[in-house]
Structure formats: structure tokens, C-alpha cells
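In what follows, chains carry the letters A, B, and so on, assigned in the order in which the sequence lines appear, proteins first and then strands, with residues in each chain numbered from 1.
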Amino acid sequence: MSSTDLTRRTAAETAAAIAAREVSAVEVAQAHLDRIAAVDDRVHAFLHVDAEGALAQAARVDAGELSGPLAGVPLALKDVLCQEGIPTTVGSKILEGWRPPYDATVTARLKAAGVVLLGKTNMDEFAMGSSTEHSAYGPTHNPWDLDRIPGGSGGGSAAAVAAYEAPLAIGTDTGGSIRQPASVTGTVGVKPTYGGVSRYGLVAFSSSLDQAGPCARTVLDAALLHAVIAGHDPADSTSIPLPVPPVVEAAQKRDITGLRIGVVKELAGEGYEAGVEARFAEAVELLTALGATVTEVSCPHFGYALPAYYLIAPSEASSNLARFDSVRFGLRVGDDGVHSLEEVMSLTREQGFGPEVKRRIMLGTYALSSGYYDAYYGQAQKVRTLITQDFTRAFEQVDVLVSPASPGVAFRLGEKLGDPLAMYRQDLATIPSNLYGGPAMSLPCGLSDGLPVGLQIMAPTMRDDLLYQVGGAFEAALPAPVPSLSWES
Amino acid sequence: MTVPYLEALQEFEPVIGLETHVELGTNSKMFCGCAAEFGAEPNTRTCPVCLGLPGALPVVNEKAIESTVRIGLALHCSIATWCRFARKNYFYPDMPKNFQTSQYDEPLCVDGYLDVEVGGETVRVEIERVHLEEDTGKTLHVGGATGRISGATHSLVDYNRAGIPLVEIVTRPVTGTGERAAAVAKAYVAELRDLLRGLDVSDVRMEQGSMRCDVNTSLGRPGEPWGTRTETKNVNSLRSVERAVRSEVERQAVVLRSGGRIVQETRHFSEATGTTSPGRSKEEATDYRYFPEPDLVPVAPDPAWVAALKAALPEPPSVRRKQLVTQLGLSENDSQAMVNAGVLDLVLATVEAGAPAAEARNWWLGHLAQAANSAGTSPDELAITPAAVARVVELVASGSLTAGLARQVVDGVLAGEGAPDDVVAARGLAVVSDEGALGSAVDEAIAAQPGIADKVRGGKLPAVGALVGAVMKATRGQADAAVVRKLLLERLGVSE
């Protein structure tokens, strides 16, 4: 079998082939390492490739030491999750060279399941961005068109999956950082229920919003990965002590007859590209054709989601990022015996953080400061409650909600870099689920001007299975478009 | 110009307030599984969580919640049915995350009180709140003369203490105490310490920092609004609590009399001088940007569980004290003398450790009270435990030590030479009652003072005391005096 065939397979197919000894995990790992070596100079999905570790893990699978539904399947880990001994930069200069002394719970679960960790993927610094252009290590390029962004913050993970560098990747989603990249790269991305996947070892951006989740090329692959990483973790006190919803079974059901689907009235119109709205309308028709009952649902406070998010997330970030002070780890600038401690801290943060991170630290510091707390952070929390109520009411009428995942297709590199608000608006449709805490998925629903469009499905908390049920049925009826990768030749 | 304390309080009304931090004696830290212990090698009791490494998350220590609720209940507080931790944001190298996980506007316990006895009267000190937080690491400034940051060439940080559960107990302002202000402050801290010890939630060792006080003091003229307060930190003994109040009262009176203005500030207390000096000014206050800790779920103590904890609380120290005093047959005078000397609980603990009440009383009111006095500390801060005193009493009772040797053993323990048995062994302080071993010393004493020996032979028995003394001196006090006397009389051919 050619190594191209090995990289084009789904995770489920690869796992089955390895389990049946048709191919070794080491061969699969090597095929993907070769693929990375061949294309990543142009895609730049990876910040670090751990060939040695990947092959060693694959060998353990081949030796029968590790088994499971994804044993031997390669995976790209977003550089925001700690992996013991492997550089973890969060896309920032401030952590350049830092090697965590411990594994994130997600990392540990992947290792225990025999998943082969290929390396760490590029991201907007501290997961702040929608294009991966805010990485301190240079942007990632969209495999559909190398001049375009792969979304963000998890552009590296989405691009690695879309460019066949890995069948699976882990992303994290604070305001859309799994779903928007999935949308613009034609892949499947899921933000699980907040508390469904442990955050232990996930370098925090916004603690009450961050959630790690699967990136894949198929709904089933995403479900298989979801099942490996989810579940209660006593090391994360916000982790939900309930069984993981039956996501794999749901992905295989391929039946949505009678399911009630609500189209969110507020997630359309101004700010959404015509091509996106057209594909979304067709997707809704398809869901109806598949037997679902589709109605329009109003979530009146969704319009306030973006401003509320841009108060809550930076506020938490301003505190979470305070620990990057040069004292215990990471970059240290100006430690020359002349500068004071305070000056060393300031110089380190001045040089270690990029402009978007600094912008958000300042926004958050301001929003939390005495005299402004009630007007900003406090008010944003009230809006968050209202948005949660919108979801709860909507889910009294319907089983899931749908919308476009991203208001537009992949834009050109540099196009929105000078306009933070335009960049922030990329997350218009994805942010409400983060504020609510419920699960949401983006999966491909066709092309606009030759570029992928994503359909977003949103479900009630701890009903992640509904995403996979709808996604699985939709994907069976409308297979994902495949990138030409014409730049390869 | 100086204004003596009593004179100051004839002119001004004092308002005091106390914030007490207590390190809980839990096995593990507040938010991780690291051992919460004192005195380990620096940075050996740490993990990603208490080092604040990227990605690490806290999980609440349930035992710490339980201890805090029990403290709140013992202080007659209401216990929250739902509350959250909050982040207090500020940069400091011994704060691993550059925020302290604490509680802000939703403390676990509120609105309680503690009654204290001062000069035979009961003063009710109201408790505003009891909340739980994590301790910081310890910074050591090296290379300077003072150990303070100014002049230091570098600083070392030990994170063993970072994340140890810390309970903060805050009083409401205590008014109307007049000249008893300093005594009330001291009595409150002493009573609180005894209460916490009785709850077995902390070892409450002020000298080791497991209990630390900040003392707020202000003065105002009668009928006028309260004055501006200062907050005195670094108050690490009961005696210092009293001295800190006195010193601030005297200092503020000088300023106010001369028409000056008290600056709202943090002041440092110096054990050496008994005075305070300015620290950081609170007028350029840090904005801590408190907000609810998003990494922790709210704490919601089950009312039934709280009720069970309340039912299982031990007797408060005041009640227990009265019971024991009665049981032991100590007189009212005796017990009052012990209260005044601050040794009642120590005596009772020594009795509980096996010593007869009279012996325990004599040690703590006598030799140990003197030792504390000359060391400028209070008896309970001496480096000897009631159990060690009881052991010394036992050694005397069994004839292994004489009274003189016992004092040497106690002094050895106070000097940090170890437990009583270690001191006995190291100093070679066992009583010598072997007649053969004493024989030569007896002979030498007789030979050295023939005149006295003759007097004894001539029937003047009391004169033998001088010879006994000589033998005791020659044996460095280790001889059993009764045996020595018997031997001397035998050698001199005299019978009693």
C-alpha cells in the first residue's frame, strides 16, 4: 500500500487496519511523518514534530502493549496542551523552549489509548485569534488555498487534518477556535460540553470558556476521538462527573427522522456572506429532506454575545496570563543584575507577548478594575445568563439548533490583521455556545467560490450525542468536499 | 515628645481590629495533593498546581472546608450555603500564579463573636468573617544586612508554603475598650488560639508563623468619628500583639496632639524595639481586581453536614478550663494566678500528660515563667511542650533526677537540645546514687575541710551541709544529696 493511501484513510479505517494487522502502526506513523516532511514547509501546521516519540508509541501499539478503538492512529496536538518533555509554546515567545514536566489529562488519555502523537500544532498566541496569524512563529496556510487563513486559533490542527498530515487533531475552543477553523478548512470540529473534557494541562486562555475537542475529516472519527478524551477528571473541578454521552453510537445512527431542528434567526443576515447563507439554506433543506422537523427559533440575546465574550474572556485571560512573569519558567529578559525584579517582569512581558495578547490583557485588566467591574465584567456575566436562558428556552422547542459556523469563507492572509473587530466578528455564530457551555459542531456543507462552508449544530449541555447524530446523517447525505491540493505539484 | 499609653487613652478613644491568619493543619495543601508540612527542604513539596505551571488547575481540599466551617461554628458564625472563591490579582514572585485564590464578597462564615475575659470582665469581640485562602511561598532576600529587600543582592523563593490552606479571621472594629484596648487585643488572640487548638485544626504556633496577626489601630477624640487606622503586620507573639497596640496608640497620640494627620498605611512591628515603622502606603492602594475564580465550582456546604459538625464541636476552652480547674481541685486564686501568667492551659496540658497538678503548676509559675520573662517571650512560646515538662516531673519522681538536675534538663530542652531524655543522655545528668562512685568525693570533701569535719564529729550535725554542698559541687549536682549526707555521717562516725 502506498503511503499516500495510508494518509488518506479515516481514523476508523486506519485503526481497523492496524487491529487486523494489515498495516503496522509504525508504517502508519512513518507515512504521516513523511507527509509532514513533504508539505509542512508550505502549510506550517506544526510547531514541533516528535518523530521519535511517535514511532516509539506506534511500536508499543504494534507490540500489543496498547489497544483501543484508536490505537495506532496518528494525531496532531494543539500546542496549548501540555505533553511531558515536549515543547509547549501556546504560539507565544514567552514560553519558547518550555518543556512541561507533566501531561495534560487529554494528553495522558490519548497516550493510554495508543494514539500516536505526531507533534504540536500552530495556533494564534494563547488561542487569541481567528486566523492563526497571531502565532509568534508565523501563520499556518489553508490547504484549500495557501494564500488564505486556516481559521484560528486552532488553524494548525485544522490544516494538519485537511492536508492529510494527520487524520485526527485536538483543538481547543474558547469562542470558536475549533469550529471556525473546521468551517474554513472543510473538516469536522467539535466543541464538547464545557466540563465534558478535562482542562487539566490545557494552558488557560479563558477558564470558564476553554474546552478541548476533536478535529477530524469525518463525523465518526471525531466521535471516536471525543470518546477517548472525554469523561470526568478529578483534577479539574469543573469537570462534570457524569458518563460520556454515547457519541460513537450516535455518529453511526444516520437517522434524524422526527428530530426537531431550530434555525437560529439571529445568526444570519448582516455580516454573513451570501455564499455562506446559500449553502446554509441548502443544508437546512437537506435536513428537512432527511426527515427532521425544521423551524425558526429566536434567541434574542445572541446579538450581545460578542461584546459579552470580549469582556469575559479578556478578563479571565488578564489573570490567567499573569503567571508568565519569568520567575519560574519560560522567557526571561533583562536579568542582568541591573534591572529590578519588576523591570525584569515588565521587560519579559513586553517582549514575550504579541500585540493581540497585550490588547486583551489590557482590555481584561480594565474590565476588572475597581469602579468598572460592575459596568463591564459584571454586566457581561448578566448577558451570559440571558444567553443561557435563550438556549434553555430554545431547547424546550427543539432538540438542536443550527446556523452557519462562520460568517464567511477563508479570507486572505493579512486581510483582517489590521482590523481587530473584523477579526472578532469571525466568531459571531460560535461564541453563544461557549457562553452557554453546551456542545457544538462544525461540519462541511459545501463550497462557496471553491472554499468550504461549515454548518454549525448546537445541542443542550451533555447532549453531545445529538451533534453526532445530526452530523452523521448529514455527512452521509452530503459527503465533505475534498481539497484539490493543487499546490502540491 | 512622647505620650504614655494611659495618658493617650484619657484623651483619645481607641478602635482596634484584628485580622488573624491561621495555617490549617491539613495533610495536603489547599488545591493540590502536596504535603502541607513545615521545615522540609526548600521546593520539595511542590507540583505543577502549587507552582502555578501553565495548564495546572486547583481542586479544593475538602478537609480545609470542613476545618473552616468548624472554626466558623465555634465562633458562632453563620455558614454560607453557597459561596465562591475569588482571585486576588497582584504580582509577587512568591505568588506562583500572580493571583491568590481567596474569598472576597462570599466568605464561608460570617457574623460571629468570641467572648474574652479581661480583668475579670467579659468583652465580646464580634467576628465579621472567616474565609479560606491559600498561603504564598516564602521569599528570602539575600546579601543585605537586614534580610529586607532593600540592600539585598538577590532573592530566593521557597514554594513549600505556597498553597497551604490559610484561614483568615477578621473581627469587626472593637470599640469602647479604653485603656484595656491592648489587653483586649492580646486576650482575643490568646482565646482564639486556644479555641483553634481545641478544634485541632492548626498547631497555632505564632513563632513559626502558623498563626499570624495584623493589628488595626486608630484613635479618635470622644464624640468624633473614628480616626484613620493603620495596619500593623508581622505581629508574631501574644506579647507583641499587646505591645503593637500600645506602641501605635502612643505614636498616633503624638501625631494627633501636634495637629498632624495619621496616614492610612501598613506598618511593620519590630520585636526588638517594640515599635512600628511605616511599610507600604495604602493610599496608593493596589487594585486587586477580584473576580470569582472560574477554575473552581462554588462551595455549597450541606446544612445537614454543617449541623453534624456543630453538634460534634468540642467544649470551648473557657468551659473546659473551668471543668479542669474544678476536677484538679485548684483554688480560685491559683487558677487566677495561672490565667494572669498565661499558663493555665499549659498547666492543664501538663496534667493531662501525666504530671501531678502541683508539680505542673510549680514549673509553669516558677522556673518556666522566669525563663519566658528573661527571654522576653510568653510561656506558651517557649520551646518546651507540656508533655516534656510532664516527662521531667516523672524523672524526678522516679529518682532519676534531682530538683537541680531537673532544672538543667529543662534549660537544655529550652536551648533546643532535644527532648528531656536526650538532654539527660547528652549532658550526662543522671543522678549518681552509687555509694562506691560517691565514696572518693566524700573522702575528698572531708580531707579538704578538716575543721568542719571535726565540728560534725563533735555533734554539730547541721555543719554537715557544707560538706554535702562540696560533694554536690564536685559531682556537678548529679549526686543524690540524701545519699551523700548518709555517707558523710557514716565516714565521720556520727549517727543521727
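- Here the shortest heavy-atom pairing between B:Arg87 and A:Glu316 reads NH1-O, 4.1 Å.
- For the options A:Gly330, A:Gly201, A:Gly195, A:Ser315, heavy-atom pairs under 4.5 Å to chain B are most numerous at A:Gly201.
- More than 12 heavy atoms of other residues, nucleotides or ligands sit less than 6.0 Å from atom OH of A:Tyr373.
- Of the possible donor and acceptor atoms, one in the side chain of A:Arg328 sits under 3.5 Å from a partner among the backbone N and O of B:Leu51.
- The two residues B:Arg289 and A:Ser318 come nearest to each other via the heavy atoms NH1-OG, 3.8 Å.
- A distance of 9.5 Å separates CZ in B:Phe291 from CD in A:Gln381, rounded to the nearest 0.5 Å.
- With A:Ser237 contributing its side chain and B:Asp295 its backbone, the two residues share a donor-acceptor pair below 3.5 Å.
- The interface of residues 80-90 of chain A with chain B, defined by heavy-atom distances below 4.5 Å, comprises A:Cys82.
- At a threshold of 4.5 Å between non-hydrogen side-chain atoms, the residues A:Leu341 and B:Pro93 count as touching.
- The side-chain heavy atoms of A:Tyr377 and B:Pro292, taken from C-beta on, include a pair separated by under 4.5 Å.
- In this structure A:Thr461 satisfies the side-chain contact (heavy atoms from CB on, under 4.5 Å) test together with A:Thr193, A:Tyr436, sequence neighbours excluded.
- No side-chain N or O of B:Asp287 forms a donor-acceptor pair with one of A:Ser370 less than 3.5 Å apart.
- Interatomic distance, CG of B:Leu296 versus CG of A:Asp236, reported as 9.5 Å (0.5 Å rounding).
- No side-chain donor-acceptor contact under 3.5 Å links A:Arg323 to the backbone of B:Pro96.
- For B:Tyr159, the part lying under 4.5 angstrom from a heavy atom of chain A is the side chain only.
- By a heavy-atom distance cut of under 4.5 Å, A:Leu95, A:Trp98, A:Pro101, A:Tyr102 are the residues of residues 93-109 of chain A near chain B, going up by number.
- Heavy-atom distances place no part of A:Asp210 under 4.5 Å from chain B, backbone and side chain included.
- Interatomic distance, CG of A:Asp325 versus OH of B:Tyr92, reported as 12.5 Å (0.5 Å rounding).
- Heavy-atom neighbours of A:Lys111 NZ from other residues, nucleotides or ligands within 6.0 Å: above the threshold of 12.
- Applying the 6.0 Å contact sphere to CZ of B:Phe91 captures more than 12 heavy atoms from other residues, nucleotides or ligands.
- Between A:Tyr200 and B:Pro48, the closest side-chain pair of non-hydrogen atoms falls below 4.5 Å.
- Partners of B:Asn27 according to the side chain to side chain donor-acceptor pair (under 3.5 Å) rule, which considers only residues two or more places apart in sequence or in another chain, do not exist here.
- Most heavy-atom pairs under 4.5 Å with chain B: of the set A:Ala367, A:Ser369, A:Ser319, A:Gly371, this distinction falls to A:Ser319.
- Proximity to chain A is limited to the side chain of B:Phe99, based on heavy atoms less than 4.5 angstrom apart.
- A:Ser207 contributes atom OG, which lies 6.5 Å from atom CD of B:Glu293 (distance to the nearest 0.5 angstrom).
- Per-residue counts of heavy-atom pairs under 4.5 Å with chain B were compared for A:Val327, A:Leu209, A:Thr365; the largest is that of A:Thr365.
- Looking at B:Asn89, the atoms closer than 4.5 Å to chain A (heavy atoms on both sides) all sit in the side chain, from C-beta outward.
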